[in-house]
Amino acid sequence: MDKNLSGEDNDSIDWDTEDELEIQEIPDTTFSSCTNLRNVGQHTAHCHGEASSSSVPCQSKFIQQFIVMGFPEESIAKAIEQNGENEDLVLDALLTFKALEDSPEEQPSTSLQLEPCISSDDSSSQYSESFLDDIYEEDSWSSNSDNCINSADQCYLRDESSSLSEKEQTLLFLANMGYPVEEASIAMERCQKASLAELIDFMCAAQMAREEDVYLPEDVKPKLNSGGYKKRKMYNELCIRKKQRALLDEETIALPNPMIGFGVPTESVPGIVQRILPEQAIGPPYFYYENVALAPKGVWDAISRFLYDIEPEFVDSKYFCATARKRGYVHNLPIEGRYPLLPLPPRTIHEAFPLTKKWWPSWDTRIKLNCLQTSIGSARLADRIRKAMEAMENFGGEPPVRVQKYVLYECRKWNLLWVGRNKVAPLECDEVEMLLGFPRNHTRGGGISRTDRYKSLGNSFQVDTVAYHLSALKDLFPKGINVLSLFSGIGGAEVALYRLGIPLNNVVAVEKSEVNRNIVRSWWEQTNQRGNLIDFDDVQKLNGDRLEHLIDSLGGFDLVIGGSPCNNLTGSNRVTRDGLEGEDSALFFDYVRILELVKSIMSSRRV
DNA sequence: CTTATGATGACTCACCAA
DNA sequence: TTGGTGAGTCATCATAAG
């Protein structure tokens, strides 16, 4: 389309190519055989996918990680033959083999013992030797470290109930979080009966130790490695973390009232003009993470803990527009000098929908709409309400309180508007777009159904709110920014930056849904963006290699932004409100993983 | 096949009275 | 302090309808 985009510093990549680019560049050995990694964990029996006997660049290392986990080589070979070199699929298959093998009798299986994991086997990974062993020699919270191996085995072999034991599920979960499977496996062995949070802390500590090794000056390293200093330090770190968690268990992060974060355009928080961020948290890059404020207890503590203990900024979008949207944002952006998007959006229902004023009953006292969700009230509900209202009308005057309560309850629940005499209706798609700060018809066309439009919109940012927070970047990047947009959805972040007038030089958008990617692509072209939009479909496929490549090509990212799936956190979910460990919401850990990678790669490039 | 509809609670916190 | 109550929530599933 726009031929101007082949700028000066784009020699390394041909940006004019469209979607084929990403396909070509993904190494086919790792990802091509798996379409949806996240579903793998649950359907272990369905692994007989395409048996791609793909090329073998580093097979020994790939196989070795499973050997280290204690799987027999024959099984590994079989699993790889069936699933290709996909770590998750192979692990899945191996666990399935094991479950099938063990289930008939309670006999300990000789083929799948875990001793190799922590024995002095030469094949064990670097981690186990370099620091994991050290830490727990003098550890008080695994008191019987001598019995560790045996009891681990027993525990492992005891609880194979149906398809996946608890341990196997935990292992899969941790693997899905992006932790190396061998590391997760070791952590589980070392911390039997530990909660998931403890396991994660364990691996955090492990990660810290690794980073210490990487980043400390050379002359300090030998001293650390030889003496007990490091052990003690690690142990102290763990104690502190445990203490913190104990404290947090009792005193979780409280939601502010009013929910205005560090300030909104209309009201500022007295006292807060600046904040001090932890050293680790300071960019580049800037980052911005979002999720629902009303998550189950402890979720925001965990999120904050993983994001450098930054205090989340809880903001209800009702201070920006006519609809409520209670969200938490963890970011390292400056909080001074923010300004709102112009024009200011309508702030009340009447301002947003002037035509409804005529029909609005006096007893419906709503000023703001409730949170826009992923589905809307049905036409039949509106019809029922109309009939209830009409039936009462014949008696003259207002309906009885009982009817008022019922109608108001449904109106609040489904965000219904009064569009005629006794007539209520759910919001139209374009009305939702307007309320959320998107251009009209942003999600329209391209073959997307009405239902899916509501779903995509319901999962999106409120643009004015996010833009207010991002406005602090405007003066910092007059020449434009490079954005890594994870879980980009329908492009709320991109629209916010665009409306702020911050030039988008390069945007790497990662979004699973194809229709959503099309929406962003379409918006990108219609707004005549001069920068480059590169999209990917799965955050889990965004590994270090690809990030290195992107960072080297684009010159780094200035902003890493994203809101990970909330469906396992939100109160609307009655089925799988599983917290951060939920199948989808666990992708939060991919946000953390990718942010860490970006920070690490960029700091190594900077020198 | 796609799309729309109806049924399906639980968790959390603010608020208030006892 | 404690217990009750009300209000609110980026949802999911089976099934009917198109």
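Chain naming here is simple, since letters A, B, ... match the order of the sequence lines and numbering starts at 1 in each. When reading the values below, keep in mind they use all heavy atoms of this one structure, side chains included, and skip hydrogens, waters and symmetry mates.
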Considering non-hydrogen atoms only, spot the tightest contact between A/Met434 and A/Ala352 and give its length.
-> CE-O, 3.9 Å
Where is the tightest heavy-atom contact between A/Thr323 and A/Asn370, given as atom of each residue plus distance?
-> OG1-O, 2.8 Å
Under the ring pair (Phe, Tyr, Trp, His ring centres under 6.0 Å) rule, collect the residues that match up with A/Tyr498, sequence neighbours excluded.
-> A/Trp523
DNA chain C: 5'-most and 3'-most nucleotides touching chain A, 4.0 angstrom heavy-atom criterion = C/dG8 to C/dT12
OP1 or OP2 of B/dT3 under 4.0 Å from side-chain N/O of A/Arg450 = no
Test applied, ring-ring contact (aromatic ring centres under 6.0 Å, His included); reference residue, A/Phe287; option that passes from A/Phe306, A/Tyr308, A/Tyr329 | A/Tyr308
Just jot down the salt bridge (charged side-chain N to carboxylate O under 4.0 Å, His left out) partners of A/Arg450, sequence neighbours excluded, or say none.
-> A/Glu428
For B/dG9 versus C/dA7, give the span between their C1' atoms, rounded off to a whole number of Å.
-> 15 Å
Where along residues 370-379 of chain A does a heavy atom come under 4.0 Å from DNA chain C, residue by residue in number order?
-> A/Asn370, A/Cys371, A/Gln373, A/Thr374
Protein-proximity profile, nucleotides 11-16 of chain B, B/S/- by nucleotide at the 4.0 Å heavy-atom cutoff, equals BSSSS-
How does DNA chain B read in dot-bracket, base by base from 5' to 3', with Watson-Crick or G-U pairs under 3.5 Å and | used when the partner is on another strand?
-> ||||||||.|||||||||
Base, sugar-phosphate or nothing for [X]? Non-hydrogen atoms, less than 4.0 Å.
| X | result |
| --- | --- |
| A/Lys326 | sugar-phosphate |
| A/Ser317 | nothing |
| A/Arg327 | base |

Could you check A/Ser449 against A/Thr570 and say which one's nearest nucleotide on DNA chain B is further toward the 5' end?
-> A/Ser449
Which comes earlier along DNA chain C counting from the 5' end, the contact point of A/Lys413 or that of A/Lys455, where each point is its nearest nucleotide?
-> A/Lys413
